[in-house]
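All remarks here apply to the structure that follows.
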Amino acid sequence: MGTGESKRLAIILLILWGVASFVWVNSCISADTSGATEECLECHISLNPGLVASWQKSQHAQLSPQEALQKTGLELKVSGRRIPEDLTKNVVGCAECHTMNAEKHKDTFEHNGHAVHIVVTPTDCATCHPVEADQYTKNLMSFAYGNLVNNPTYQGLILSINGGYVFDQMNLSIKAPNDETNADSCLFCHGTSVEVKGVASRETEDYGELEFPVLSGWPNQGVGRLNPDGSKGSCSACHTRHQFSIEVARKPYTCSECHKGPDVPAYKVYQVSKHGNIFSSVGNKGWNFKSVPWVIGKDFTAPTCATCHISLLTGEEGNVVVERTHQINNRIPWRIFGLIYAHPHPKAPDTTVIKNKDGLFLPTALTGERAVGYLIDAKEQEKRRLTMQGICLSCHGREWVDGHWSRFENTIGTTNESTLTATQMMLTIWDKGFAEGLPQKGNLFDESVERRWANIWLLYANHIRLSSAMCGGDYGVFDRGRYFMTGKIQEIKDWLDLRLKINQ
Amino acid sequence: MGTGESKRLAIILLILWGVASFVWVNSCISADTSGATEECLECHISLNPGLVASWQKSQHAQLSPQEALQKTGLELKVSGRRIPEDLTKNVVGCAECHTMNAEKHKDTFEHNGHAVHIVVTPTDCATCHPVEADQYTKNLMSFAYGNLVNNPTYQGLILSINGGYVFDQMNLSIKAPNDETNADSCLFCHGTSVEVKGVASRETEDYGELEFPVLSGWPNQGVGRLNPDGSKGSCSACHTRHQFSIEVARKPYTCSECHKGPDVPAYKVYQVSKHGNIFSSVGNKGWNFKSVPWVIGKDFTAPTCATCHISLLTGEEGNVVVERTHQINNRIPWRIFGLIYAHPHPKAPDTTVIKNKDGLFLPTALTGERAVGYLIDAKEQEKRRLTMQGICLSCHGREWVDGHWSRFENTIGTTNESTLTATQMMLTIWDKGFAEGLPQKGNLFDESVERRWANIWLLYANHIRLSSAMCGGDYGVFDRGRYFMTGKIQEIKDWLDLRLKINQ
Amino acid sequence: MGTGESKRLAIILLILWGVASFVWVNSCISADTSGATEECLECHISLNPGLVASWQKSQHAQLSPQEALQKTGLELKVSGRRIPEDLTKNVVGCAECHTMNAEKHKDTFEHNGHAVHIVVTPTDCATCHPVEADQYTKNLMSFAYGNLVNNPTYQGLILSINGGYVFDQMNLSIKAPNDETNADSCLFCHGTSVEVKGVASRETEDYGELEFPVLSGWPNQGVGRLNPDGSKGSCSACHTRHQFSIEVARKPYTCSECHKGPDVPAYKVYQVSKHGNIFSSVGNKGWNFKSVPWVIGKDFTAPTCATCHISLLTGEEGNVVVERTHQINNRIPWRIFGLIYAHPHPKAPDTTVIKNKDGLFLPTALTGERAVGYLIDAKEQEKRRLTMQGICLSCHGREWVDGHWSRFENTIGTTNESTLTATQMMLTIWDKGFAEGLPQKGNLFDESVERRWANIWLLYANHIRLSSAMCGGDYGVFDRGRYFMTGKIQEIKDWLDLRLKINQ
């Protein structure tokens, strides 16, 4: 066969391939965009081409709810069984979400004949995904705003971190941070309170002057965002707009957006674990991050964050290893970061109700005693532990899993003990008046030695526990682990000794 | 159809595929390597196989300038219109670059009949890429060597970081670092001064003893490198040798080479941002990192560093959203890292001319007042702000973009205020003689409390501002963010209080 | 041609492709699993589906030793020439490894008619891979357990890091850490001692009550693990179970499991180096991480950790650039982390024999003098340097390589000098009794100022040297580099000055 012939044949093959692909792709997309969405696209396809292109790649743009509902049983992705008739035939476009529940939305405004709102909320998403939205209301994350902002002890922490320090006459005082600072800081992940503050008009290219609502706390995609329709949270925190790809939500990069910093270095620990290594080394080929259910061994051979904490997992024969959950805490027996001591998970997602024996709004006393009435009991812990271990056992033997968990729970004990030691030194420091804390009713976080104490539980103990939980190795020792925790204990002691000596 | 038949057919298909590919690939490569480059390759293909293989994968190895010039308009990649006739027909190989402008190069040496130089410079690259080389001369980066090394205040910082500390008779003194230390440290990114220091001969396998120039500051690919032909910078800082792939330059890993450390953690912030998440999660499939122009939505759906700071971006219809720039600062209204206070960008890339009201070579006074004459005015800032926001608007609505920028510029204000508070404490400390600083004409960076002060603006304020600029969330709080900035303010106060008490 | 026809043709093509693939895959797998392994799989395929699926993707599951042995010369992967006859015909499955050398294994137990052991060891792997297992016995890593745990000086360090601090009557004391803490901490990477501690019975789904050995220090995959058969190490530390993919071992993520923390940030430095950038930017396409030998330029154009430290590298003509080694240190002239001063590599992998001039079990005196008798000499260093430089030269010219190495060895000198300065201050501090160290025979690591000293060599000097070795730029300055090292020197001086003043 001559070069010319082979070239011709190659060209024919390539053309056939193209035609076949075209036919196949077309046969997949049968539903249309709604008229309302078409109207949106008319302008916004050129105003925001990246946004529209992202949406076009989404399942939302390719399937109508009617088509999506054909997936049932373990393959089900749309949990709503009572989707309004008029929404089922078209793909899910701009208008479908941004005009949904218009009357409930304080941010709704008239926009070229449509009652549009800017902020799409879990209640809007619940139209098609009610089970997930409902589970999420039981997730600690959905209360992330109030659990932080409404806790008197943590208000002192926020002030000491975000506040503006003023040095005057040899004194240091703190003025309250403004809303933009808080939105850029803690509330970036915890969620802001999005409120309508007024209306502003703006000149537009095609429609002249138009009016838009002015929102406080916007933009924000925090997990506990207070929405203008009264709901809590933001699905797009993890289901990244506007592709809403399950692949993105299942990859650890999504979790890293909020769980990477030294206060909660889950992603960093994952990265250097065996699991993270396998994901990084071979997760990019042959793995299926989109299939539902997610089949162990077939779709992946090492877990990501979502695998253990959220996803529906089955074996190849369709046997369910663990149910999907957007509540998350039902797989977690211990709360290992964010508070002074690790402790059994709180019973309710709203933790502002919790009070310790000393009247502080904390799940443990400063000296570690648990506010047991507000926390799950040993039986519930065991149930959750077994759920999680069921996932471990998919790839590890019983000895392995037991050894791992025993070591992890040993770490919970030893890090709590170290925190207690540091706290005992702080109590002495406050008692002797070297710093102003509990007895003086001072802020517990606004002096240098207090911040050293906070480092111990807010940074180092978290590193050690997360490392222990996920086999991070070095992260539990040198990367803000035990080396740093013990170093800081030595430092507080050194600080105390010096004050004792000087004040003799 | 039997297994044998299907196997035969499969084999035929595979062969056809291979032939077609071969024909196609061959039809793409028509230009030849020059005779001079062939001579280079004769030895170097076995001496440095990795280097040659890398080049073979480059566009340089596959297209002659003549062919490349066929791309025009928005697709243009070779901006030179007056490329010397003798260079246009062959692909761009070893000899084309390494013998270019031989007479201007002090590092030119005789090498088997050719006048070869080791260091290829922006002036050499400008033969085909003059627009980019010219823009780069207006880029602050091209002056990165002198702006650091020739600034008297920063000389004190370099000495305090790179110098050798000597402890003797209870005193600590610093001896100047040697050139190799500086080249391995600050100048690794800022660029070294590459000078010919002599000639050395060396035994070679095929040609016996040969002579080569001895270069100081070599190897180096810093952005402000002083080259032996008098030019500044190194294109290969970002256009990584010898593939010079636009894909590499457009990926954030390139920027991370210099913008990852805690003095300028841009890459780390990007990684944990939504943008970074999308890039990591889905940027590896379906995205086109090579197309010129770079079409929003079609080629990518989330930006990398290059997208916002450098690349030519268009919509699908070819409408230009932003022009390509190698000047970079024309999209940036604020300079948010590297100096004591964030401030409007300097007018000229050579910042050694800037003097503050106190005579220090800094764009602001220690107490924050700006050296306004040297900095761009509000109008130029607004122009740059609008250029950048034009990119944001490709994927985000106006409310989103305005809210984001308002928050970012609020952060510039609050971090400057915090820096001022810390500086006021330092001025007190110097004033009281607890450390030797301004009034004593001492080095501002060589004592422990001074280093704490430097941490505040050189590390923490930068983290907060970069996090605010790119939605890094936690990086603005716990990862050397506000938590650390306020902690260090408390620590300086603690340090001062102790000295006050002891010296009563 | 109509759409219907093209569709039909496309379908035919797709079917043919599928059939061809099936035939091809089948022709690759000819060996069967052994009967014993089939028995294992019967239960474990549903008990541990992820584990089994991982193994099914391995070369072990696809080739029998007999087939694998057909690869010879440079392509050889199975170095064993005397594999027992009965093992050569079947693929390498559960039973082949987990019943290997049953009699030598203290962890062997009767399991449904088979003498099974849990821990597969280098001695087991040596059945087919004896050369690699033998080389590994000369690798410092294989002694990582004893070199740490049996060194009296380092015992003090472990106690100070992992121990439980108790604050009582204004005193801080340390109680010894329990075994689980050590296993979760230092020994996670160094390796635990895995010992049989008893037997426990457990109810199983299919076989009722079964007995299993109880192991201490399990799970663990540390590089120096003490195994129940008396061997040292764990091949799966790098050759990740149960896929044992050479691709995983060659990717830098594997090394990051132990070499990422601030005590040895090799991976972090690699990430921001040019090499790391190229790997991240283009390493995911067109590179071949599986081919043996690993051909420079053809299989990769930038090195990973394995490239320089372990792999067999050749040019395209099969010329060997460097031999494969699992000893590793034969390519490394200097030991640049983990000890107080950088020094020539120790002669023997067991470093517990080393004693310095002052009788401490360290390769240098506290003041830097080397215990030369235990360390390789200049000639051996030069041999190793040339081996490594041979790899550098594959992609870099001689001037480049010489300049780089000169700068690296300059850094070894300057970081040792800075460490000496810090140590001289510590000797003064101990001498004056401000802390209890050498003269008092106290723990060198349990007081705050001592920990500051440890930071200098255990964290910062390592960062600087690793950055210098691999062109990390910023990591040698601001990311726990020179900026931090000099800052800590200033801090120790500040600490000393204050004590001197107070104790006047």
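Values in this document were obtained by computation on a predicted structure and should not be read as measured data. Protein chains get the first letters and strands the later ones, always in sequence-line order, with residue 1 at the start of each.
Side-chain N/O atoms of A/Ser448 and B/Lys493 include no donor and acceptor closer than 3.5 Å. In the model, A/Tyr165 has a side-chain atom that pairs as donor or acceptor with a side-chain atom of B/Gln490 under 3.5 Å. Between the side chains of B/Ser273 and A/Glu257, no donor-acceptor pair is found at a separation under 3.5 Å. Side-chain contact annotation: A/Asn178 with B/Asn410, donor-acceptor N/O pair under 3.5 Å present.
With chain A as the partner, the residue from B/Trp495, B/Phe478, B/Phe300, B/Phe484 showing the most heavy-atom pairs under 4.5 Å is B/Phe478. Across A/Ala53, A/Ser185, A/Ser46, A/Pro213, the residue that shares the most heavy-atom pairs under 4.5 angstrom with chain B is A/Ser185. Ranked by heavy-atom pairs under 4.5 Å with chain A, the list B/Thr414, B/Leu498, B/Ile278 is led by B/Leu498. Contact count versus chain A (heavy atoms, under 4.5 Å) is highest, among B/Ala422, B/Ser468, B/Gly315, B/Gly481, for B/Ser468. No other option in B/Gly397, B/Ser280, B/Pro303 has as many heavy-atom pairs under 4.5 Å with chain A as B/Ser280. With respect to chain A, the highest number of heavy-atom pairs below 4.5 Å among B/Arg480, B/Glu316, B/Lys501 belongs to B/Lys501. Contact tally against chain A (heavy-atom pairs below 4.5 Å) for B/Gln424, B/Lys274, B/Met425, B/Glu417: the top residue is B/Lys274.
Not a single donor-acceptor pair under 3.5 Å links the side chain of B/Lys298 to the backbone N or O of A/Gly50. With hydrogens and angles disregarded, a donor-acceptor distance shorter than 3.5 Å links the side chain of A/Arg451 to the backbone of B/Tyr483. Side-chain atoms of B/Asp474 never come within 3.5 Å of backbone atoms of A/His259 as a donor-acceptor pair (strictly under, hydrogens ignored).
In this structure, A/Arg241 is positioned above the aromatic face of B/Trp400, its NZ or CZ under 6.0 Å from the six-membered ring centre and within 45° of the axis.
Contact of the B/Val477 side chain with the A/Asp263 side chain is not registered, since no non-hydrogen atoms from C-beta on lie closer than 4.5 Å. At least one side-chain heavy atom of A/Ile118 sits under 4.5 Å from a side-chain heavy atom of B/Glu399. Residues A/Glu180 and B/Ser406 are in side-chain contact: their nearest non-hydrogen atoms beyond the backbone lie under 4.5 Å apart. Between B/Asp479 and A/Lys260, every side-chain heavy-atom pair lies at or beyond the 4.5 Å cut-off. A/Leu51 has its side chain out of reach of B/His396: every pair of non-hydrogen atoms, C-beta onward, lies at least 4.5 Å apart.
Interface residue A/Asn503: only side-chain heavy atoms are found under 4.5 Å from chain B. With a threshold of 4.5 angstrom between heavy atoms, A/Tyr253 approaches chain B through its backbone and through its side chain. Contact annotation for A/Leu458: only side-chain heavy atoms (C-beta onward) come within less than 4.5 Å of a heavy atom of chain B. For A/Leu459, the part lying near chain B is the side chain, with the backbone staying farther off; criterion is any non-hydrogen pair under 4.5 Å. Proximity to chain B (any heavy atom under 4.5 Å) is shown, for A/Val248, by both the backbone and the side chain. Only the side chain of A/Gln221 comes within contact range of chain B, judged by heavy atoms closer than 4.5 Å.
Residues forming a side-chain hydrogen bond (donor to acceptor under 3.5 Å, both in side chains) with B/Ser311 (at least two apart in sequence, or on another chain): none. Checked against salt bridge (Lys or Arg N to Asp or Glu O under 4.0 Å), A/Glu491 has the following partners two or more places apart in sequence or in another chain: A/Arg452, A/Lys488.
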task = Apply salt bridge (Lys or Arg N to Asp or Glu O under 4.0 Å) to B/Asp402 and A/Arg202, showing your working.
result = CA-CA 12 Å; B/Asp402 285 349; A/Arg202 179 159 45 81; 5.3 Å; no
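A salt bridge is absent between A/Asp179 and B/Arg407: the closest approach of a Lys/Arg side-chain nitrogen to an acidic carboxylate oxygen does not fall below 4.0 angstrom. Salt bridge status for A/Asp184 with B/Arg482: present, with a side-chain N to carboxylate O gap under 4.0 Å.
Contact between A/Asn48 and B/Leu393 at its shortest, heavy atoms only, is ND2-O, 2.8 Å.
Atom CD of A/Glu205 sits in a sparse spot, with 12 or fewer heavy atoms from other residues, nucleotides or ligands closer than 6.0 Å.
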